[in-house]
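Only one structure is covered here, and it is reproduced in the block below.
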Protein chains: 2
Amino acid sequence: MTDSTASRAMTRRAGIADVAALAGVSPGTVSKALNGRGSLREETRARVRAAADELGFSPSTVARSLLSGRTFTVGIITTDSYGRFSIPVMRGVEDSLGVGEMDAFLCDSRDDPIRERHHLRKLLDRQVDGIIVAGRRTDARRPLSDDLPVPVVYAFARSTDPQDCSVVSDERGAARLAIEHLVKTGRRRIAHITGPQSHASARERAAGAAEALAEFGLELAGDPLFGGWTEVWGRFAAAQLLRSVPDIDGVFCGNDVVARGVADGLRESGLNLPEQVGLVGTDNWAVLAEAARPPLTTVDLGLEEIGRRAGDLLLAAIDGNPAPGTHVVHGHLVVRES
Amino acid sequence: MTDSTASRAMTRRAGIADVAALAGVSPGTVSKALNGRGSLREETRARVRAAADELGFSPSTVARSLLSGRTFTVGIITTDSYGRFSIPVMRGVEDSLGVGEMDAFLCDSRDDPIRERHHLRKLLDRQVDGIIVAGRRTDARRPLSDDLPVPVVYAFARSTDPQDCSVVSDERGAARLAIEHLVKTGRRRIAHITGPQSHASARERAAGAAEALAEFGLELAGDPLFGGWTEVWGRFAAAQLLRSVPDIDGVFCGNDVVARGVADGLRESGLNLPEQVGLVGTDNWAVLAEAARPPLTTVDLGLEEIGRRAGDLLLAAIDGNPAPGTHVVHGHLVVRES
DNA sequence: GCATAGGCGGAAAAGGTTTTCCGACCAAAG
DNA sequence: CTTTGGTCGGAAAACCTTTTCCGCCTATGC
């Protein structure tokens, strides 16, 4: 072990004073040179830049925040543990924030109000510039708190207060896309199998399907079948459906998990998909949809876009241009083979 | 609009000076009272606490960080966009960090070295106390950078430098658990169907399976079938397997997606599961495993535990107790019906 | 040659907390 | 009564950058 390796001290980060010393100017001048402020000769700026480069200097975000009051940081509070829905939303948020050179703190409230308050407090202590609340269900949620010193945007699950800024998916529009596709591919006796009636998304999609069918002068074949968001329910419901409405030729499902179960159920009852029955799901969960037989046509709710919009709206609000109200993101159909 | 509502200014956060004024002491004393430092009369502490409560004071993390040099913040760099594997890992990390009152910055490098360097730089500018690198594949990855001023822990994908601190799953042990289960339930002609040979996890699990079988005086029925991590491959491979080794009575799969395909493939070839063929997957991806027919017995790699361990090790390293080397987390079998 | 203006860069304050040092006061001991 | 020691709380520095003045020097105009 040579002395040099043994004594290799963790070299302290270069500060603005070090740069100033190397460039032979004062700290204030360094700041001005590097940030393009004040009036300095170009030669001086260049000398400072060279010194900064040599030392690998970059300013401490902490010190800068203390003075400016801004941290270039936002908090993301997810109610579930980064599940199926909050993940694409978060990715979108990060996308949007990234271009604004902001970073995101991740907090998982696990649907526990206590934990949520705790996280909120911590975020405020950290002086985040804004907060995004990402839900896992579309049901509206109670606002975080009123009279917050920073802007808040609700993503996916909107706030019950219509004055809050929320970004949500177009649930009825999604159902419409599915129905339109089924009708345009010649289906006329279309049923709906979905999740629990207690979920707003199940109710909205069912209502949207009925609406869209009505516009075509059609109506749903049988009542919507509410159940659970599982494959097992899908298989069960498919069998039940065939018993009550045997001449079905299209099924729209409330999500892809259910759709997958329905596909298996129909196929195993001897029906050919997509020849005899057309099937459309919701969510565009790729691993699932692609492995279905046949690969599942489904509506993509545009979760990532929701995240991006939420990020954009938050950035705008931080810059003093809030856009209160509920913003709707439209999904699109992903046509596979079903 | 009353004057009071119109003029309701966003009340400035209370600072330590406000508390000091209210309690009739100096700012330094407030700090000592609230943090249990210095020597103060209990009466004074109580008075300060009361004032702080009244004003809802809590200290600015930014100011505190500036002085202490610690931010109580770590960065998490994921190589993929929060996929199937990094999510449970992250949840574990957050669990571990939470008890230490630390928060996590989330960065998605998308497997792009440029982006990774960029995130690293930003994290360092923010003076994070440590960094966790969460991979999405078990293949070892090149270290983040050498000579970093903060500790780094690699989770799931270990660093190629054995001196780095990495937390990984016990791939061979996972295979052993699967094989032991199959053998103990009476299977003797056991095959292996898995993902691409280019993936370390596929290779390791195959090797582990062979090892474990050898200890029982058995060997793999046929060569391991390497393919893709998809259901389609699983279905295809199942059919192929039955052609080459028709009297199979057990299959161990490299992951649950493949296992699900294999289950469907075998069942549709007329085999009864679990009566005629026992099936064990890997990953314990609940939505998939529970919906399989029959519900899939599978090895849980303990991803969340990996995250927790990584968090714990990082906290220890930050506290000056680094534990270099590769740390192995053992999985466990989740017995369902297959 | 002197005054004025403008260009350039320095000095210092500010931001909010923690911590060290120091001083003041009180009580007890000599 | 004086000294000593201990208890409590205040003053000020430190953390690192940004920004606002302010002053100096030079050049130009009279």
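Throughout, protein chains are lettered first and strands after them, A, B, ... in sequence-line order, and every chain is numbered starting at 1.
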Would a 4.5 Å heavy-atom cut-off, applied to side chains only, mark [X] and [Y] as touching?
X       : Y       : value
M90(A)  : L106(B) : yes
V167(A) : V89(A)  : no
I318(B) : P151(B) : yes
I16(A)  : S31(A)  : yes
R126(B) : F105(B) : yes
L303(A) : F85(A)  : yes
L148(B) : L120(B) : yes

Need to verify one output field. Residue with the more 5' nearest nucleotide on DNA chain D, S58(A) or V25(B)?
V25(B)

DNA chain D nearest-nucleotide lookup for S68(B) and R64(A): closer to the 5′ end is S68(B)

Take the protein atom [atom1] of [X] and the nucleotide atom [atom2] of [N], then report the distance between them rounded to whole Å.
X       : N       : atom1 : atom2 : answer
L40(A)  : dT19(D) : CG    : C1'   : 13 Å
I16(A)  : dA14(D) : CD1   : P     : 18 Å
Q127(B) : dC15(D) : CD    : C1'   : 10 Å
L67(B)  : dC16(D) : CG    : C1'   : 11 Å

May I ask you to say what [X] touches in the nucleic acid, namely base, sugar-phosphate or nothing, with a heavy-atom cut-off under 4.0 Å?
X      : result
S39(A) : base
T44(A) : sugar-phosphate
V62(B) : nothing
G28(B) : base

To the nearest 0.5 Å, how far apart are CD1 in I132(B) and CD1 in I76(B)?
5.5 Å

Any ion pair linking [Y] and [X] (charged N to carboxylate O, less than 4.0 Å)?
X       : Y       : answer
R121(B) : D125(B) : yes
E54(A)  : R49(A)  : no
R308(A) : E305(A) : yes

Crowded around R70(A) CZ? As in, over 12 foreign heavy atoms under 6.0 Å?
yes

Note: for R37(B) and L66(B) on DNA chain C, the residue whose nearest nucleotide lies more 5' is L66(B)

Positional range of nucleotides in DNA chain C within the contact set of chain B, heavy-atom, under 4.0 Å
dG16(C) to dT20(C)

Could you tell me whether the phosphate oxygens of dT18(D), OP1 or OP2, come under 4.0 Å of any side-chain nitrogen or oxygen in S31(A)?
yes

Bend of the helix from dG1(C)-dC30(D) to dG30(C)-dC1(D) from end-axis comparison, five pairs per end, nearest 10°, comes to 70°

What nitrogen or oxygen pairs link the protein and nucleotides 21-26 of chain D at under 3.5 Å?
none

